[in-house]
Amino acid sequence: MTVVTRFAPSPTGMLHIGGVRTALFSWLYARRMGGKFILRVEDTDRERSTDEAVRVILEGMRWLELDADEGPYYQTQRFPRYKEVIDRLLLEGKAYRCYCTKEELDQLRAEQMARKEKPRYDGRWRDRTDSRPGVDPVIRFRNPTEGEVVVDDQVHGKVVFRNSELDDLVIARGDGTPTYNFCVVVDDMDMGVTHVIRGDDHLNNTPRQMNMLAALGAKTPSYAHVPMILGADGAKLSKRHGAVSVLQYEEEGYLPDALLNYLVRLGWSHGDQEIFTRQQMIELFDIADVNKAASAFNGEKLLWLNQQHMMRAEPAALVAYLRKQLASLGIEAGDDGLLARIIVAQRERVKTLKEMALASQYFFGEGVGIDPKAADKHLRAEGAAVLQELRGELAALETWDAAAVHGVLSAFATARGLGLGKVAQPLRVAVTGSTISPPIDLTVEMIGRGRTLSRIDAALAGSSSAAVDTPA
RNA sequence: GCUCCUUUCGUCUAGAGGCCUAGGACAUAGCCCUCUCAAGGCUGUAACACGGGUUCGAAUCCCGUAAGGAGCGCCA
């Protein structure tokens with residue numbers, strides 16, 4: 001039997017990391033088992049679904065490279081099929097029309113709550129054959145009243161529900177549109193889904209779905225209810241607690257593989273291993289190793305992992321991402337070679353590609369804006385004097401590369417009994433505008449002789465804005 | 001309220017009865033390295049929710065309690 005999993009997000013809110021983690025587990029499991037992964041958009045709630053949310057789902061999955069073998073399917077395009085199944089259920093007496101009004105149901109619930117009972121539909125239309133004029137009936141599933149349903153969950157083990165706890169749920173609204181719990185059942189059945197991997201907030205829905213599957217004569221899939229992801233403060237993930245669109249992580253300069261690596265470790269582990277390539281995740285992932293408890297999102301570890309992935313990646317593989325980040329700063333980066341060199345020079349000092357772009361602006365454009373505080377500290381009397389002399393030596397250099405620059409700097413420092421820092425910092429501030437950069441010799445090499453000398457001149461002239469053209 | 005789920009350092013986790021004086025990672029503190037910032041190395045602080053059992057032995061099994069979460073919609 002070939003494994004078929006699916007990710008079925010609802011476009012009523014933005015796809016966030018909680019959803020992405022579920023998608024990842026489903027995707028990994030399918031890939032690991034050589035199975036099929038389906039993407040299905042659950043948009044039956046036409047009131048609340050938005051095109052923008054659908055776009056984020058599609059765009060997010062593409063960015064993360066969680067490729068689907070089938071889909072995206074849209075439930076709103078399958079209404080005829082749902083109607084067909086509902087009619088069949090009606091015909092077989094496995095579903096019935098209920099003419100209760102919303103007010104009536106609200107009252108029923110209120111009464112039950114007042115009596116401290118579990119609020120549930122009491123089945124008052126279960127055996128009626130008449131109708132009530134003026135009310136568009138909903139269709140309810142006739143749930144068994146006795147016995148129990150055992151969910152043999154892959155992460156929680158056997159979970160038992162008594163049918164007496166379940167009521168007859170609505171499968172079609174008054175306007176005829178089908179509801180979520182029903183569509184899921186029909187879709188999973190029709191699409192041959194063998195493994196349902198979803199958030200454990202769905203565990204309570206599972207017995208109802210299994211009963212409907214049984215009524216339709218379909219085989220129940222294997223279920224795996226994975227724990228939820230909480231916000232950094234341990235509260236439920238919501239807009240106030242870091243539930244931002246997955247695409248925001250792209251904008252902030254995270255690598256897809258790093259985000260996935262972070263997410264896979266939330267609720268899953270493989271011994272003490274922290275860093276996984278996409279390929280390793282596929283090879284090692286197993287539902288049997290998934291935890292039961294919810295976990296809190298920790299942005300600092302994500303940051304660390306992102307840097308680890310940047311440091312391990314092939315520089316060429318990061319070029320396009322860096323180019324995009326630079327572009328959003330208004331910098332048109334030239335050739336890939338320079339970008340690859342920047343990546344190698346910067347990746348151990350920044351945690352995201354956005355930071356990298358921000359910290360690499362001095363590699364572009366002619367002049368550079370100098371941080372006033374840095375200038376105060378390193379370009380005054382002493383520093384200026386050093387720079388002045390250094391300029392001459394650098395200008396006289398025959399070959400312009402890191403080794404040569406380094407030679408000049410250390411000889412210069414030794415000759416004057418100075419620490420290298422006393423020489424490097426003024427130069428660094430002059431050519432980069434700040435006190436922070438990759439090793440000075442490499443930095444100077446990459447900036448080039450022309451710009452290095454002109455920036456020194458500008459710094460000595462005290463006009464840090466001499467040729468500034470780097471956008472803020 | 002009822003039903004279901006969960007509970008190891010601040011956070012993510014290892015742990016499937018003796019290997020646990022509870023391991024790793026992020027964060028944090030100190031030290032080393034060092035031209036800046038980092039990266040890297042070393043060291044430290046820090047946890048089995050609580051109470052009962054079962055057992056020669058329990059973080060691991062069972063039962064309670066507590067705390068947190070989910071569901072109980074003509075939402076998904």
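For the numbers below, each heavy atom of this structure counts, side chains included, while hydrogens, waters and symmetry mates do not. Proteins get letters first, then strands, A, B, ... in listed order; numbering begins at 1 in each.
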S.K.: Could you state the atom-to-atom distance from CG of A/L105 to P of B/C74 in whole Å?
M.R.: 6 Å
S.K.: Determine which nucleotide pairs with B/G68, using a 3.5 Å limit on both distances of a Watson-Crick or G-U wobble pair.
M.R.: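 Its partner is B/C5.
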S.K.: Where the side chain of A/Q425 is defined as all heavy atoms beyond and including C-beta, which of B/C35, B/G71, B/U13 is the nearest nucleotide?
M.R.: B/C35
S.K.: For A/V54 and A/P11, which heavy atoms make the closest approach, and how far apart are they?
M.R.: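 That would be CG2-CB, 3.6 Å.
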S.K.: Please report the interatomic distance CD1(A/I343) to OG(A/S360), rounded to the nearest 0.5 Å.
M.R.: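 One gets 9.0 Å once the value is rounded to the nearest 0.5 Å.
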S.K.: Over all strands shown, is A/G267 touching base, sugar-phosphate only, or nothing at heavy-atom distances under 4.0 angstrom?
M.R.: sugar-phosphate
S.K.: Mark yes when over 12 heavy atoms from residues, nucleotides or ligands other than A/R120 sit less than 6.0 Å from its CZ; otherwise mark no.
M.R.: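 Enclosed.
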S.K.: Classify the nucleic acid contact of A/S410 as base, sugar-phosphate or nothing, counting any heavy atom under 4.0 Å across all strands shown.
M.R.: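 Nothing, no nucleic acid heavy atom in range.
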S.K.: What's the gap between B/A27 and B/G40 when it is taken at their P atoms, as a whole Å value?
M.R.: 9 Å
S.K.: Could you walk me through whether A/D188 and A/R6 pass salt bridge (charged side-chain N to carboxylate O under 4.0 Å, His left out), step by step?
M.R.: CA-CA 8 Å; A/D188 286 344; A/R6 46 60 160 190; 2.9 Å; yes
S.K.: A/V264 and side-chain contact (heavy atoms from CB on, under 4.5 Å): which partner among A/L260, A/L266, A/N261?
M.R.: A/N261
S.K.: Sort out the partner of B/U21 for me: Watson-Crick or G-U wobble, both distances under 3.5 Å, none otherwise.
M.R.: none
S.K.: Among B/C12, B/A76, B/G71, which nucleotide sits nearest the side chain of A/K118?
M.R.: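 When the side chain of A/K118 is considered, B/G71 is the closest of B/C12, B/A76, B/G71.
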S.K.: Suppose we define a pair by two distances each less than 3.5 Å, Watson-Crick or G-U wobble; what does B/G57 pair with here?
M.R.: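 For B/G57, the partner nucleotide comes out as none, under the 3.5 Å rule.
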S.K.: Would you indicate what A/H202 reaches in the nucleic acid, counting non-hydrogen atoms under 4.0 angstrom: base, sugar-phosphate, or nothing?
M.R.: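 Answer is base: heavy atoms of A/H202 come under 4.0 Å of a base.
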S.K.: For atom P, what is the distance between B/C37 and B/U21, given to the nearest Å?
M.R.: 43 Å
S.K.: Would the A/H202 and A/Y180 ring centres measure less than 6.0 Å apart?
M.R.: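 Close enough - the centres of the two rings lie under 6.0 Å apart.
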S.K.: Across the strands shown, which category fits A/E104 at heavy-atom distances under 4.0 angstrom: base, sugar-phosphate, nothing?
M.R.: nothing
S.K.: Nearest of B/G24, B/G1, B/A76 to any side-chain atom of A/Y180?
M.R.: B/A76
S.K.: Taking everything shown except A/D130 itself, do over 12 heavy atoms lie less than 6.0 Å from its CG?
M.R.: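 Counting neighbours around CG of A/D130, more than 12 heavy atoms of other residues, nucleotides or ligands fall under 6.0 Å, so yes.
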S.K.: Are OP1 or OP2 of B/A39 and a side-chain N or O of A/Q307 less than 4.0 angstrom apart?
M.R.: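 Answer yes for this pair, as a side-chain N or O of A/Q307 is under 4.0 Å from OP1 or OP2.
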S.K.: Tell me the closest heavy-atom pair linking A/L284 and A/D289, and the distance in Å.
M.R.: O-OD2, 4.5 Å
S.K.: Provide the Watson-Crick or G-U wobble partner of B/G51, both distances under 3.5 Å; none if there is no partner.
M.R.: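 The base-pairing partner of B/G51, which may sit in any strand shown, is B/C63.
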S.K.: Using a heavy-atom cut-off of under 4.0 Å over every strand shown, decide if A/V170 touches base, sugar-phosphate, or nothing.
M.R.: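 Sugar-phosphate: the residue A/V170, judged by heavy atoms under 4.0 Å, touches backbone atoms but no base.
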S.K.: Each nucleotide N or O in nucleotides 5-7 of chain B that has a protein N or O under 3.5 Å away: list the pair and distance.
M.R.:
from, atom 1, to, atom 2, distance (Å)
B/C5, O3', A/H156, ND1, 3.0
B/U6, OP1, A/H156, ND1, 3.3

S.K.: Which one is paired to B/C33, where only Watson-Crick or G-U wobble pairs with both distances under 3.5 angstrom count?
M.R.: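 Looking at the geometry, B/C33 pairs with no nucleotide.
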S.K.: When the C1' atoms of B/A16 and B/A58 are considered, how many whole Å apart are they?
M.R.: 13 Å
S.K.: Below 3.5 Å is the cut-off: list the nitrogen or oxygen pairs between protein and nucleotides 30-34 of chain B, distance only.
M.R.:
none

S.K.: For A/K301, answer base if it contacts any base atom (sugar-phosphate contacts may also be present), sugar-phosphate if it contacts only those atoms, and nothing otherwise; contact means non-hydrogen atoms under 4.0 Å.
M.R.: base
S.K.: Salt bridge (charged side-chain N to carboxylate O under 4.0 Å, His left out) with A/D152: which residues, sequence neighbours excluded?
M.R.: A/K158
S.K.: Suppose the criterion is salt bridge (Lys or Arg N to Asp or Glu O under 4.0 Å): which pairs have a residue in residues 175-186 of chain A, not counting sequence neighbours?
M.R.: none
S.K.: Could you tell me how far B/A70 sits from B/G53 if I compare only their C1' atoms? Round to whole Å.
M.R.: 30 Å
S.K.: With no angle test and no hydrogens, is the base of B/C35 tied to the side chain of A/R428 by a donor-acceptor pair under 3.5 Å?
M.R.: yes
S.K.: Check whether any side-chain N or O of A/R109 sits under 4.0 Å from OP1 or OP2 of B/G73, and answer yes or no.
M.R.: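 Yes, within the criterion.
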S.K.: I want to check one thing: is the phosphate of B/A76, taken as OP1 and OP2, less than 4.0 Å away from some side-chain N or O of A/S49?
M.R.: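 No, A/S49 has no side-chain N/O under 4.0 Å of OP1/OP2 on B/A76.
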S.K.: What pair of heavy atoms forms the shortest contact from A/L203 to A/V151, and how long is it?
M.R.: CD1-CG1, 4.4 Å
S.K.: Residues from residues 435-448 of chain A sitting under 4.0 Å of RNA chain B, heavy atoms only?
M.R.: A/T435, A/I436, A/S437, A/P438, A/P439, A/I440, A/D441
S.K.: Show every salt bridge (Lys or Arg N to Asp or Glu O under 4.0 Å) that has at least one partner inside residues 378-390 of chain A, sequence neighbours left out.
M.R.: A/D376-A/R380, A/E389-A/R416
S.K.: For a quick test of your reading: what N or O donor-acceptor pairs under 3.5 Å do the side chains of residues 131-138 of chain A make, sequence neighbours left out?
M.R.:
from, atom 1, to, atom 2, distance (Å)
A/R132, NH1, A/Y99, O, 3.2
A/R132, NH1, A/E104, OE1, 3.0

S.K.: Could you pull out all residues at least two apart from A/F412 that satisfy ring pair (Phe, Tyr, Trp, His ring centres under 6.0 Å)?
M.R.: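 Listed in chain order: nothing, the list is empty.
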S.K.: Considering only the C1' atoms, how many Å lie between B/G24 and B/C9, rounded to the nearest integer?
M.R.: 12 Å
S.K.: Which whole number of Å gives the distance between the P atom of B/G15 and that of B/U8?
M.R.: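 About 14 Å, rounded to a whole number of Å.
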S.K.: Which residues pass the salt bridge (charged side-chain N to carboxylate O under 4.0 Å, His left out) test with A/K422, sequence neighbours left out?
M.R.: none
S.K.: Determine which nucleotide pairs with B/A16, using a 3.5 Å limit on both distances of a Watson-Crick or G-U wobble pair.
M.R.: none
S.K.: Does a side-chain N or O of A/S434 approach OP1 or OP2 of B/C37 to a distance below 4.0 Å, or not?
M.R.: no
S.K.: For the residue pair A/Y96 and A/G123, what are the closest heavy atoms and their distance?
M.R.: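 Scanning both residues completely, I find the closest heavy atoms to be OH-CA, 4.1 Å.
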S.K.: Please list, by residue number, the residues of residues 349-358 of chain A whose heavy atoms come closer than 4.0 Å to an atom of RNA chain B; answer none if no residue qualifies.
M.R.: A/R349, A/K351
S.K.: Establish, yes or no, whether a centroid distance under 6.0 Å links the rings of A/F285 and A/F276.
M.R.: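 Distance test on ring centres: not under 6.0 Å, no.
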S.K.: With P as the reference atom in both, quote the distance from B/U6 to B/A49 in angstrom, rounded to an integer.
M.R.: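 Each nucleotide's P atom is 14 Å from the other's.
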S.K.: Provide the full list of salt bridge (Lys or Arg N to Asp or Glu O under 4.0 Å) pairs with a residue in residues 71-83 of chain A, sequence neighbours left out, each pair given once.
M.R.: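 Listed once each, the pairs are A/R78-A/D187, A/R78-A/D190, A/R81-A/E84, A/R81-A/D190, A/K83-A/D87.
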S.K.: Using Watson-Crick or G-U wobble geometry with both distances below 3.5 Å, tell me the partner of B/C26, or none.
M.R.: B/G10
S.K.: Across the strands shown, which category fits A/D175 at heavy-atom distances under 4.0 angstrom: base, sugar-phosphate, nothing?
M.R.: nothing
S.K.: Nearest to the side chain of A/N205, heavy atoms from C-beta on, is which of B/U3, B/C35, B/A76?
M.R.: B/A76
S.K.: Is A/E274 touching bases, backbone alone, or none of the nucleic acid, heavy atoms closer than 4.0 Å?
M.R.: base
S.K.: Distances under 3.5 Å only, N/O to N/O: pair up the protein atoms with those of nucleotides 14-18 of chain B.
M.R.:
from, atom 1, to, atom 2, distance (Å)
B/A14, OP1, A/S269, OG, 2.7

S.K.: Ring of A/F7, cation from A/R40 - is the NZ or CZ under 6.0 Å from the centre and inside 45° of the axis?
M.R.: no
S.K.: Can you tell me how far C1' of B/C37 sits from CG of A/L427, to the nearest Å?
M.R.: 16 Å
